Structure formats: structure tokens, C-alpha cells
Amino acid sequence: MADATQVAAAASSRDPAIGLAAVASLRGLLESLEELQVGNARDQGWSWQQIAAALKVSRQAVHKKYRRFGF
Amino acid sequence: MFERFTTNARLAVVAAQEQARTRGADAIRTEHLLAGVLDQNDSLVLSVLTAHSIQRVDLLADIDAATAGPSDAEALATLGIDLDEVRRQVDNSFGEGALDRTRATRDRKGRKAFGHLRIDSSAKKALELSLREAIRLKHGQIGAEHILLGLLHAGGAAQEILVGRRLLLDAARVTVAALARDRRAG
């Protein structure tokens, strides 16, 4: 990876515009991955309780968030 | 208020909404309004810029710089995360395009793709000030040039961009007044 140093430099940057944008994108990625994994778990017959335990959140939280998705 | 706008001024506001949308903004801001004004190639606005030795392309570049955030891939790269690699892994497990098909992704990308965008307070103020500028100059209608004057003291990114290119309110007012007089006389 030719621009590894460039990336490292950016990561250590204290410019809020860069740091906050990275956090926002990371949150977006997190949401997408969680949705895929929760959907897959439901497809494989996992209970909300099992999913919640694996995600380390309450059953209510995960159920409330994904109920509307029809999982 | 809009009934006193010239065609170009109206088109500038319409174009501002398009500018905000295509730039993925959640509201119409002053920089979008400025881009909308520049979109019209209004002869009076262009004359004001020329009179102050400002290039339209430079302003457009400034607007791009002010509105362009990093892409997700670029932003994640600063944390050492290779989004393409993540996408490859996810596609392997869940099928091609799985990551981009999630509701989370679609909501984030498509949130502003339809419906009316609100106009933020500075852009609203710029439009109100454009009316005042027209009244001040005793012009019967609000043209794109008056929006430009409004943008010069409404705050927001457009003011910063214009002032950064050395367009100042008082001087611009004098120029607009002179050009409008010439146009009427001519």
C-alpha cells in the first residue's frame, strides 16, 4: 500500500474535520454491518435474546431497532 | 417576497436547491445559493465579478472546496480501514452488493434525494437582505446581483468565499449601482 504513510499521517491528524468525518463514516459502516449480521442471524433462526447477548446489548434494544425491518 | 424576483433571481434559488441536493447537503446554505447565482451566468453578476477581478471559476472552486467532505472510503482510510476490503469480505459472505443494499446505507445515501430541502438561517437572511439591497438602490426588482449583495453580509460560507476573493460589500454595492445605472441608460 503506497499511501500507508499518508493514511497514518491523516489518522494522527488533530483536524476535527478529518477526525469527525472518519467517525461518521465508521458509524455508518457499523450500522450497515450490524444490520447484515442481525438479519443473517434471524434467517438462521437465532432468537432476539441470542442476538442481543452476542451484540452485548439488551434484547429490547435490538428488537426495537430491527423489528420494523421484518427480520 | 419572491414575486419581486427577476427570472434569474428565481432560477438562482431553484438552482441553489439543486446544488444543495447534488452536494448531499441536508439544507440549502449560502454556498449553494452562491452557486445558484453563478449558475445563471447573469450578465450583471458577471460584470460585478469582472469589475473586481474575480474569476467565476475560482468562486466555483471555492464552493467545491467548502462543500466537499471526504468520501466514506477516504474517511475510513484515515483510521486504517480499507472500505473496499470490508466490502469484498461482506460480499463474499452475503452476496454481491450486500453492504450497499442495507437499509442503513440506503438511508444515509438517499435521505436527501427527494422532497424539499429546508433553507438554513444564513441563506434565508441573504434572501431577505437581497430585498433590502434592492430597496436601498431604489431598484424595483430583486435580481441575482442583489442576492450576491445579500450574500456579502448574511454570514455563512458564501460570505467567507466572496470576502476571501476580495469582494467587499461597500465596493460591490457601488459597482452594482453603477452597472444598473449604465444598463438603464444604455
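Throughout, a chain's letter reflects where its sequence line sits, starting with A, and its residues are numbered from 1. In this text the structure is predicted, and so the values were computed from the model without any measurement.
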Contacting region of A:Arg27 [heavy-atom separation from chain B under 4.5 Å]: neither
Where [X] and [Y] come nearest, the two heavy atoms and their spacing:
X	Y	result
B:Leu76	A:Ala22	CD2-O, 4.2 Å
B:Leu99	A:Ser32	CD1-CB, 3.7 Å
B:Ala75	A:Ser25	CB-OG, 3.4 Å

Check against side-chain contact (heavy atoms from CB on, under 4.5 Å), A:Tyr66 and B:Arg103: CA-CA 11 Å; A:Tyr66 289 103; B:Arg103 279 196 198 203; over 6 Å; no
Would a hydrophobic clustering, with Ile, Leu, Val, Met, Phe, Trp and Tyr connected at side-chain separations under 4.5 Å, put [X] with [Y]?
X	Y	answer
B:Leu131	B:Leu149	yes
B:Val57	B:Val37	no
B:Leu60	B:Val48	yes
B:Leu117	B:Leu11	no
A:Phe71	A:Leu36	no

Exceeds 12 heavy-atom contacts within 6.0 angstrom, atom CZ of B:Arg118: yes
More than 12 heavy atoms from other groups under 6.0 Å of NZ on A:Lys64: no
A:Glu35 (side chain) donor-acceptor with B:Ala104 (main chain) under 3.5 angstrom: yes
A:Asp15 side, atom CG; B:Thr78 side, atom OG1 - distance, nearest 0.5 Å: 10.5 Å
Separation between CZ of B:Arg87 and CG of A:Leu29, rounded to the nearest 0.5 Å: 9.0 Å
Contact winner vs chain B - A:Leu33, A:Leu30, A:Leu26, heavy-atom pairs under 4.5 Å: A:Leu26
